[in-house]
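Each chain gets a letter, A, B and so on, in the order its sequence line appears, and its residues count up from 1.
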Amino acid sequence: MSLKRSTVQQLLSSQELDREVLVKGWVRSRRGNKYVQFIIVNDGSTIHTIQAVANAEQFSEESLRDVGNGACVAIRGQLVASQGKGQAVEIQATEVTVLGKADAEAYPLQKKATSLEHLREIAHLRPRTNTFGAVLRVRHALAFGIHKFFNDRGFYYVHTPIITGSDAEGAGQMFRVTTLPPDNPPRTDDGAIDYSQDFFGKQTNLTVSGQLEGELAAMALGSIYTFGPTFRAENSNTARHLAEFWMIEPEVAFNELEENMDLAEDFLQYLVRYALEHCPDDLQFLNDQYDKELLTRLSFVTDNAFQRLTYTEAVEILKSAKQKFEFPVDWGTDLQSEHERYLVEKHFKKPVILTNYPKEIKAFYMKLDEDGRTVRAMDVLFPGIGEIIGGSQREEDYEKLLGRMADMHVPADELSWYLDTRRFGTAPHAGFGLGFERLVLFVTGMSNIRDVIPFPRYPKNAEF
RNA sequence: GCUUCCUUAGCUCAGCCGGUUAGAGCAUCUGACUGUUAAUCAGAGGGUCCCUGGUUCGAGCCCAGGAGGGAGCGCCA
């Protein structure tokens, strides 16, 4: 019977020594002398590596020639207690097979430090680094934790469309989806492009948000969430924006603003706790390597209630702050990054939820407050990354919603399907959007959002 | 889109006031070393100084334009 492959993770945590094992993975390093060689292997199951020892009596120089940095190998041998310091167990190799060679002269990944900017240019190989291995494992854990959180609380996962016929969602610039020939599209009599001849018989785009469709589902299933790709064709060049990113959008019937805040806070604390529990080694590595405050900051999020205050209260605090701001604070204008950072990092020193923004600076679907000046919006602000969640209680009143759409020049006829929820059995409801990569950014302590997604898309870049 | 900084060996970076044959560490290759931990030690090979044009006796260095990248800002998640 053939020996089953063990992962590095299984071998390192095994109490069962002096048995034959088989490991397969990629060589991180080989060193030694003419009597003994040490082969360091990682297989992605953990950030840690396992050491295989090859004695010269069994392995000629020639047989290990191709066992170099980056090569893929299968190693069979005895799992034994290590004679050396630095690891508890190691494999005394009896058979080393090279599954895939890696030319040492050409292999782009070095054993020593390589900049994150350079790794971005070789994004097809960067998962083999410690850093990206850790980031991708944490990313997975967070994705899994999101589904678990909602499933455990009776939410249904709803798949909203990626191609949308609506261009009025108001969340940002959209990417057009078309099969018309770009050099010579069919035209109508007045010279405009004739989209009636396009694939869908109309103009279509990639979604900027699943929220409107999510609201439809919540008006039937009660509690739902979406988790899917989202696209923004904005020329945003920052460490916090991507043209293609993943968004989580829960929507809950009968929830009002207060319950929406409770959900957002529980959700974020749960996810940070989930990552701490399931990825301790990866987070420890990221803490040691990139951000010595990371674990402290994560614990701070799980251990402290978020500070809740209204936009109006925040403006008062900022106006009386001793700190000089580049942009003046005035009621009615949106807060700048510097203002949000002051509130979170200097004034409260904890995550902040800002609510009840002026209606002029928020979306048409947010519920109007009694005073007629503000809406039941909420933004969750995190240290370092700013807005991680944006949400609101939705306007459930048909007439008021129509009025808001008219004020903000949102075409009601294109959104008749959305308005139908208010015409037939409307109900109070609330939800929010969480940018998945911003969460991964916060939890990993990475500083650029392009380093927390395998293949980032941003202006002038769609490689791989 | 705006502001600002950067681009020199495979990688990370020095390079003085514009001066003759452009450097270091790591990586690679060769050799040494009986258990290494980013092994160590010795030696060798390795360059379109981002591109185009200009100034100058002479440009990696100064000037103009272009390309690419970082940071900050705006838009937002």
Side-chain angles (χ1 to χ4, degrees), chain A residues 28-40 48-57 61 65 68-70 80 82-87 90 92 102-122 129-130 169-173 208-211 229-249 264 289 325-327 333-341 361-363 379-382 385-391 432-442 447-451 453 458-461 463:
Chain A
R28 285 292 176 79
S29 169
R30 177 164 69 92
R31 54 181 173 252
N33 51 50
K34 65 180 150 185
Y35 302 96
V36 61
Q37 291 280 320
F38 303 96
I39 305 163
I40 311 301
H48 300 298
T49 52
I50 194 157
Q51 170 167 288
V53 184
N55 290 322
E57 307 97 72
E61 189 82 28
R65 178 167 299 278
N69 190 17
V80 296
S82 179
Q83 294 176 35
K85 291 170 186 161
Q87 60 281 317
E90 63 189 15
Q92 188 65 50
D103 176 11
E105 295 263 21
Y107 187 59
L109 292 174
Q110 308 300 327
K111 275 191 273 187
K112 290 221 175 180
T114 301
S115 70
L116 293 169
E117 289 81 12
H118 181 249
L119 289 177
R120 232 170 266 157
E121 291 171 15
I122 50 168
T129 62
N130 284 332
E169 288 161 27
Q173 291 292 110
V208 292
S209 163
Q211 182 201 312
T230 310
F231 307 87
R232 304 274 166 91
E234 271 141 18
N235 192 12
S236 295
N237 294 289
T238 82
R240 300 185 312 280
H241 290 82
L242 290 167
E244 177 183 294
F245 63 101
W246 289 66
M247 191 152 65
I248 300 100
E249 294 174 291
Q289 207 68 28
F325 296 113
E326 192 187 339
F327 296 94
T333 61
D334 211 349
L335 299 183
Q336 306 285 320
S337 292
E338 58 174 338
H339 304 140
E340 295 179 348
R341 295 189 73 132
I361 58 173
K362 287 292 178 184
D379 284 359
V380 181
L381 310 179
F382 261 32
I385 51 175
E387 185 181 344
I388 193 167
I389 276 180
F432 58 81
L434 168 73
F436 184 51
E437 282 74 19
R438 287 194 180 171
L439 175 71
V440 181
L441 197 57
F442 178 76
S447 50
N448 193 312
I449 201 165
R450 295 164 187 176
D451 296 329
I453 187 168
Y458 50 96
K460 299 277 187 286
N461 201 297
E463 292 303 308

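Here the nucleotide nearest the side chain of A/Asn235, chosen from B/G1, B/G35, B/U30, is B/G1. Comparing atom distances between the A/Asp334 side chain and each of B/U36, B/C76, B/G70 picks out B/C76 as nearest. Out of B/A77, B/C73, B/G72, the shortest distance to the side chain of A/Ala239 is found at B/G72. When each of B/A39, B/A77, B/G35 is scored by its nearest atom to the side-chain atoms of A/Arg31, the top-ranked nucleotide is B/A39. Ranking B/G35, B/C76, B/U28 by closeness to the A/His241 side chain, first place goes to B/C76. Picking from B/G1, B/G74, B/G35 the nucleotide with the shortest atom distance to the side chain of A/Val53 gives B/G35. Closest to the side chain of A/Ile449, from the set B/A77, B/G35, B/C29, is B/A77.
Residue A/Arg240 places at least one side-chain N or O under 4.0 Å from the OP1 or OP2 atom of B/C73. The phosphate of B/U34 has neither OP1 nor OP2 within less than 4.0 Å of any side-chain N or O from A/Asn55. For B/G35, the OP1/OP2 oxygens have a side-chain nitrogen or oxygen of A/Asn33 closer than 4.0 Å. When the side-chain nitrogen and oxygen atoms of A/Arg120 are compared with OP1 and OP2 of B/G70, one or more of them lie within a distance under 4.0 Å. The phosphate of B/A39 has OP1 or OP2 within less than 4.0 Å of a side-chain N or O from A/Ser29. Listed pair A/Lys34 / B/C33 meets the phosphate criterion, a side-chain N or O lying under 4.0 Å from OP1 or OP2. OP1 or OP2 of B/G70 sits under 4.0 Å from a side-chain N or O of A/Arg450. Phosphate contact (OP1/OP2 of B/G74, side-chain N/O of A/Gln336, threshold under 4.0 Å): present.
Here B/C26 presents its C1' atom at 15 Å from CG of A/Leu109, a figure rounded to the nearest Å. Between A/Tyr35 atom OH and B/A32 atom P there is a gap of 10 Å when expressed in whole angstrom units. In this structure, A/Asp451 atom CG and B/G69 atom P are separated by 14 Å, rounded to whole Å. One atom, CD of A/Glu437, and another, P of B/C76, lie 19 Å apart when rounded to the nearest Å. Between A/Ile248 atom CD1 and B/A77 atom C1' there is a gap of 10 Å when expressed in whole angstrom units. The interatomic distance linking A/Asn69 (CG) with B/A27 (C1') rounds to 9 Å, in whole Å.
Between A/Thr333 and A/Ile361 there is no side-chain heavy-atom pair separated by less than 4.5 Å. In this structure the side chain of A/Ser337 reaches within 4.5 angstrom of the side chain of A/Arg240, judged on heavy atoms. Between A/Gln336 and A/Phe325 there is no side-chain heavy-atom pair separated by less than 4.5 Å.
In terms of the ring-ring contact (aromatic ring centres under 6.0 Å, His included) criterion, residue partners of A/Phe442 (sequence neighbours excluded) are, by chain and number, A/Phe382.
No donor-acceptor distance shorter than 3.5 angstrom exists from the side chain of A/Gln173 to the backbone of A/Glu234, with no hydrogens or angles considered.
A/Gly433 comes within 4.0 angstrom of sugar-phosphate atoms only, judged by non-hydrogen atoms across all strands, and of no base.
A donor-acceptor contact under 3.5 Å is formed by the side chain of A/Gln87 with the base of B/U36.
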* According to the Watson-Crick and G-U wobble definition with distances under 3.5 Å, which dot-bracket string, read 5' to 3', encodes RNA chain B, using [ ] for crossing pairs and | for pairs with another strand? -> (((((((..((((.....[...)))).(((((.......))))).....(((((..]....))))))))))))....
If you restrict it to nitrogen or oxygen atoms, what contacts under 3.5 Å exist between nucleotides 10-12 of chain B and the protein, and what is each distance?
{"unit_1": "B/C11", "atom_1": "O2'", "unit_2": "A/Ala113", "atom_2": "O", "d": "3.4"}
{"unit_1": "B/U12", "atom_1": "OP1", "unit_2": "A/Ser115", "atom_2": "OG", "d": "2.6"}

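Note: A/Lys362 NZ to A/Asp379 CG = 3.5 Å, rounded to the nearest 0.5 Å.
Taking both residues in full, the closest heavy atoms of A/Ser209 and A/Thr230 are given as N-CG2, 3.9 Å, listed atom of the first, atom of the second, then distance. Contact between A/Gln92 and A/Val53 at its shortest, heavy atoms only, is NE2-O, 3.6 Å.
Judged by closest nucleotide on RNA chain B, A/Lys460 is the one of A/Asp379 and A/Lys460 placed further toward the 5' end.
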